[in-house]
Structures are given as C-alpha cells and as structure tokens.
Amino acid sequence: MTMLVRFAPSPTGYLHIGNARVALWNYLLARRAGGRFILRLDDTDQERSRPEFAEAIREDLGWLGIAPDVFVRQSDRLERYALAFERLKAAGHLYPAYETPEELDRKRKRQQARGQPPIYDRSALKLSADERASLEAGGRKPHWRFRLSGHTVRWDDAVRGPAHIETAALSDPVLVRADGTVLYTFASVVDDVDMAVTHVLRGEDHVANTAVQIELFAALGAGSPIFGHLNLIAAADGTEMSKRTGSLSIRSFRADGIAPMAVASVAVLTGTSEPLHAVASLEELAPLVDLAKVSRALTKFDPAEIVHLSARLIHDKPFVEVADDLAALGIAGATAEPFWYAVRGNLTRVAEAAAWWPVVAGIITPVVEEAGFLARAAELLPPEPWSQETWHAWTEAVKQASGRKGRALYMPLRLALTGRAEGPELKLLLPLIGRARALARLAAV
RNA sequence: GCGCCCUUCGUCUAGCGGUCUAGGACGUUGCCCUUUCACGGCAAAAACACGGGUUCGAGUCCCGUAGGGCGCGCCA
C-alpha cells in the first residue's frame, strides 16, 4: 500500500511555522516512501474561509518547495458529506439537538462555574418525539450530534506509541449545523475514507479529535488510518504564532528575505533528536525525517535561529540560485557572478548585496583620513588587467614604499576603496572595482 | 474541573537499572586562523524539577508534589 498523506489547513489565515512543520513532515515522509501528498483546503466554515488565504497557502507551500500531488477543497465535496450524513443517521449514530449556540454557551459557563467539565449534557437525547415536534413547530432547526461510545479509544500512535483517550470526557461532536452545513471533524473523516488516506500526521493539539474520529471511521464502516501526532513548537521568546498576523508566518519570513530552507530546516528539525542545522534542499532533508526522532514534549525554538541558518545557507548559495533576485536588485551583467561570490559570505540576506553593488559598479563616498598616504598608494596601482593576485602585489608595493604594515596599511585602503571598515575580502573586490574607480577613490579629497 | 501529555546544560536533545565523574548540536566565552567582518579549527563553562519508594545499584522503574502544554466550539 503506498503512503497517502494530507495536509489540511483551513484558509482562514496565513500559514505559520507550526503549519509548515506539519506540512513538511507529511510531504517529506511521503516523498521518502514514494507516496503521495494531498493538499486539502478545509473550508467548511463559510464565515471565516477566504479565497485569498487559500491562494496564499498554495503560494507559501510553493515557496517552501512543496508541490502537492493532489489538490482538493471540502467546499467541492458537499454531496459526499450529505450522503455520509444520511448513512450515519440511518444507522442511528446521530441525534438531533435543538439548543441555540447561546444556550450551549450558557450551559458551558454554568458547568465551568460549578467546577464541572464543559461537556455537552446530552439533554437532547432525553427529548420525546412530542417535544422535538413542538420545538420544530416553533421554528427550531436541529443540529446533529454524533453519539460517542463512552468507552476508551485506543490507537497506536506513529510518534507517541500506544495512546488512549476517554471518550466519556468528550462532548458528542456536532457534525452538521442547523443550517445543514458540515463541520470539520465529519468532513475530514469522510474525505480520509473516500481518498483512502493512509497516514494522518498532525499536531498534538488534535489527539482528542483522533479519538472522536476513530469512532467516526468505525461508524462509517471504514478502518482508521495510522495516526501520528507531532509535538507542538513554540517561540522561545513567547511570540504568538497567530495564524492571521503572527510574525512567525511563512509570509513574514519570505518578506524578510529569509531563505526558505532555513525556515524548513527549523520547522522540521526542531523538537527532534536530529541536530538542528541548515539543510540546503528538501531532497537532503527527506532522509533526515524519522518519526522515531520526534520528541513528545512541547519544544521551544528561537526565531533568531532561522535568520542565522538563513545566513549560513546564503554563504554557500550558488550564483544561479540567486541570479534572478540579484537582477531584480539591479545587479546584473558580467560582473554579477564574481560579485556574488565576493560578497555572499558577508550577507545575512540576499537583498543586502544591493548595499555592496555600488562599491564595484557605482558611486560611493570614500572615507579618506590620510590623503597623502592614499596618493602614494594610487601611484603604485599596477596597470590592468587585474586579477585576484593584484591586491597582494599592490599592497606589497605599498608596504615597501610606506613602511606600513598590518591594520595601518590595510584599513585606510579599505576605507577609501569601499567606504566601509568591514566587508568582503579586498583581493576579490579590487579586480571588480577596476583601476579607474580605484584611482578616483584614492584621490578623493 | 475533567481528559491526554510533558519535565536532562540557556535552547533542541542522547540516555530505554550498573558502561553516566551524563554524550551531541545550537548558542555563549576564550584561543587560533584571517592584520576587516564572516567562515573555519581548537578549547572551556553549562543539566538529570522536588520528595518518597523499589533495588546491591536509579537520569533510567513506581507513587506523590510542583511546574508546563494541549483539548473540552453549530472553529479547524
């Protein structure tokens, strides 16, 4: 049986790193097993689902390198849910309830106040046929609840091992709203059955849902897929992972010029026994994913780590991978490639290359502290053509002529040539700057 | 309140009763390299939440305490 996994976000906000963790684990596991990956939009909540978020999710996944094999949206599958609903109803698994959301809310508050669990009291089950009839005659439409067994549900969790939940501690879930639309728990199970999903790998926040859904799979006469629950990750600095606006959204990293694989590396490797490091591609990340390496404890990560790993990736990034980005910054032409290799080691973000480009191809303000020394150095500038050896040859000559060495020799030259006290190696920069520019900068007053 | 789960260096973790004077990674600090910054190399500091028990022996098993996470929606 080939592995079939799914990532099922609701299009109610932007993806954050917690979502990326789940998406990536599913994708990488499937890829490793030669299986398939479904992107399913859980958009049964008409109120909150938005097309722009749906589009954003696909974009963000694409940015991370995830290309789904199958794409579905629950809003396209309503007939399937209606069918399953009739089946469950006929089999006696569902019962109509008539409380309004406000009434249910009051009940919960009262239970909480008494120190009781806010679990649905099943009073709808005690309604007589007459009472139901009069409720409906009064204009009340029922919503439908799935009757839980009250037993302990057990499963062998793919990351946590033997797991169990007391369904008696859970509310009978509402599967169908009063307006006839279905809820996530139900649609999700129908989809997983229909599409023959083999592994449901999701966050630990879903464990209670798993118990409910296992009973739902059974009620539908289907076997359960393998369930696995990944530990939750949280920003160590307490940053909220709000799906809507959080600074930890995939989009914010993208806008910040972070390398996607830095985000992917942290999202996947955090909270596992695999040492966290920058992995350059999903191909190289895939062999590293192993459910046995996932911890069961809540894990904290430092968002700054992502920036750090991103810088590491950029330091090794080949020119071809950034050529387009550089061109967009106005960095193009024959000099672009050697320029990239000269400066990449000093960058944290690709966009920072723009700050160095004028040094080799534009106008800068040289910092001149000792005009006399620079003038003498200028006279010793070798004739072109220049190479990486030129810097050494030139500075040796200046050293002889001036008697200077060390910082006193190099720093004034760096300051005049680049306008800055720190930066890439001058032996790489100098040939790109060229004799004409170098002369002008050394002579600047 | 109930259900489920968690607790080893600052952080992520290894550890499945003796081999642990607790190992690795990131970060930190120092040194080296580089007479810039970064990279790289070397080194150092740094942890078993607490209390009982079981055992010849506990980081490892049991119980309790404390702390923490998730869930308990006509959200997903």
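The analysis underlying the following values was restricted to heavy atoms, covering all of them including side chains, and did not include hydrogens, waters or symmetry mates. As the structure is a prediction and not an experimental result, all values here were calculated from the model. Residue numbers start from 1 in every chain, and the chains themselves are labelled A, B, ... in the order their sequence lines are given, proteins ahead of strands.
Within 4.0 Å of A:R114, counting heavy atoms only, lies no atom of the nucleic acid at all. Counting any heavy atom pair closer than 4.0 Å across all strands shown, A:T272 reaches sugar-phosphate atoms only and no base atom. Within the 4.0 angstrom heavy-atom criterion, base atoms lie near A:E425. Among the protein residues, A:R414 comes within range of the nucleic acid bases, having at least one heavy atom under 4.0 Å from a base atom. Residue contacts shown for A:R420 are absent, as no nucleic acid heavy atom lies under 4.0 Å away. Residue contacts shown for A:G271 are limited to sugar-phosphate atoms, with no base heavy atom under 4.0 Å away. Residue contacts for A:P117: at a heavy-atom cut-off of 4.0 Å it reaches a base atom on one of the strands shown. Among the protein residues, A:P173 comes within range of no part of the nucleic acid, since none of its heavy atoms lies under 4.0 Å from any strand. Contacts of A:D45 with the nucleic acid, taken as non-hydrogen atoms under 4.0 Å apart, involve only primed sugar atoms and P, OP1 or OP2. Across all strands shown, A:V207 has no heavy atoms under 4.0 Å from either base or sugar-phosphate atoms.
Distance, A:H164 NE2 to B:C5 C1': 10 Å, rounded to whole Å. Look at CG on A:L413: it is 14 Å from P on B:U35, rounded to the nearest Å. For the pair A:L298 CG and B:U13 P, the computed distance is 9 Å after rounding to whole Å. To the nearest angstrom, P of B:G27 lies 20 Å from NZ of A:K300. The interatomic distance linking A:R154 (CZ) with B:C5 (P) rounds to 10 Å, in whole Å. Separating the CD1 atom of A:I233 from the C1' atom of B:C70 is a distance of 15 Å, rounded to the nearest angstrom. Atom CG of A:D105 and atom P of B:C72 are 14 Å apart (whole Å). Atom-to-atom, CD of A:Q116 to P of B:C2 comes out at 11 Å; the value is rounded to the nearest Å.
Nucleotides B:C42 and B:G27 place their P atoms 14 Å apart, quoted to the nearest Å.
For the pairing with A:S188, the side-chain hydrogen bond (donor to acceptor under 3.5 Å, both in side chains) check across A:Q74, A:H206, A:R40 returns one residue only, A:R40. The side-chain hydrogen bond (donor to acceptor under 3.5 Å, both in side chains) with A:Y98 is formed by just one residue from the set A:E136, A:R132, A:E131, A:R140; it is A:E136.
Of the nucleotides present, none pairs with B:C33 by Watson-Crick or G-U wobble criteria with both distances under 3.5 Å.
Across residues 208-216 of chain A, A:A208, A:N209 each have a non-hydrogen atom less than 4.0 Å from an atom of RNA chain B (numbered order). Non-hydrogen atoms lying under 4.0 Å from RNA chain B are contributed by A:E305, A:H308, A:R312, A:H315, all within residues 303-316 of chain A. Less than 4.0 Å separates RNA chain B from at least one heavy atom of each of the following residues of residues 178-186 of chain A: A:A178, A:L183, A:Y184.
Closest heavy-atom contact between A:G423 and A:W356: CA-CH2, 3.5 Å. The shortest non-hydrogen separation linking A:A264 to A:L282 is CB-CD2, 4.4 Å. Smallest separation of non-hydrogen atoms from A:L183 and A:T44: C-OG1, 4.3 Å.
Among the nucleotides B:G71, B:C12, B:G3, the one closest to the side chain of A:A169 is B:G3. Side-chain proximity of A:I165 to the nucleotides B:C4, B:C5, B:A25 is greatest for B:C4. Each of B:C72, B:C74, B:U13 was ranked by its minimum atom distance to the side chain of A:S295; first place goes to B:U13. Between B:U35, B:A14, B:G69, one nucleotide has an atom nearer to the side chain of A:Y410 than all others, and that is B:U35. With B:U36, B:U13, B:G3 as the candidates, the nucleotide lying closest to the side chain of A:E422 is B:U36.
Taking the six-membered ring for Trp, A:F339 and A:W357 have ring centres closer than 6.0 Å. Close placement of the A:Y14 and A:F53 rings is indicated, their centers lying within 6.0 Å of each other.
Judged by the 6.0 Å distance and 45° axis criteria, A:R58 is positioned over the aromatic ring of A:F71. Relative to the ring axis of A:Y120, A:R145 places its NZ or CZ within 45° and under 6.0 Å from the centre. Cation-pi geometry between A:R160 and A:W155 is not met: the NZ or CZ atom fails to fall both under 6.0 Å from the ring centre and inside 45° of the normal.
Between A:H93 and A:F146, the angle of the ring planes lies from 30° to 60°, which puts this pair in the tilted group. Using cut-offs of 30° and 60° on the angle between ring planes, the pair A:F37 and A:Y27 is perpendicular.
Side-chain contact, A:T390 with A:K427: no donor N or O sits under 3.5 Å from an acceptor N or O. Using modelled atom types and a 3.5 Å distance limit, the side chains of A:N209 and A:Y184 yield no donor-acceptor pair.
Of the side-chain N and O atoms in A:T44, one or more sit less than 4.0 angstrom from OP1 or OP2 of B:A76. Contact annotation: A:N231 side-chain N/O to B:U7 OP1/OP2 distance is not under 4.0 Å.
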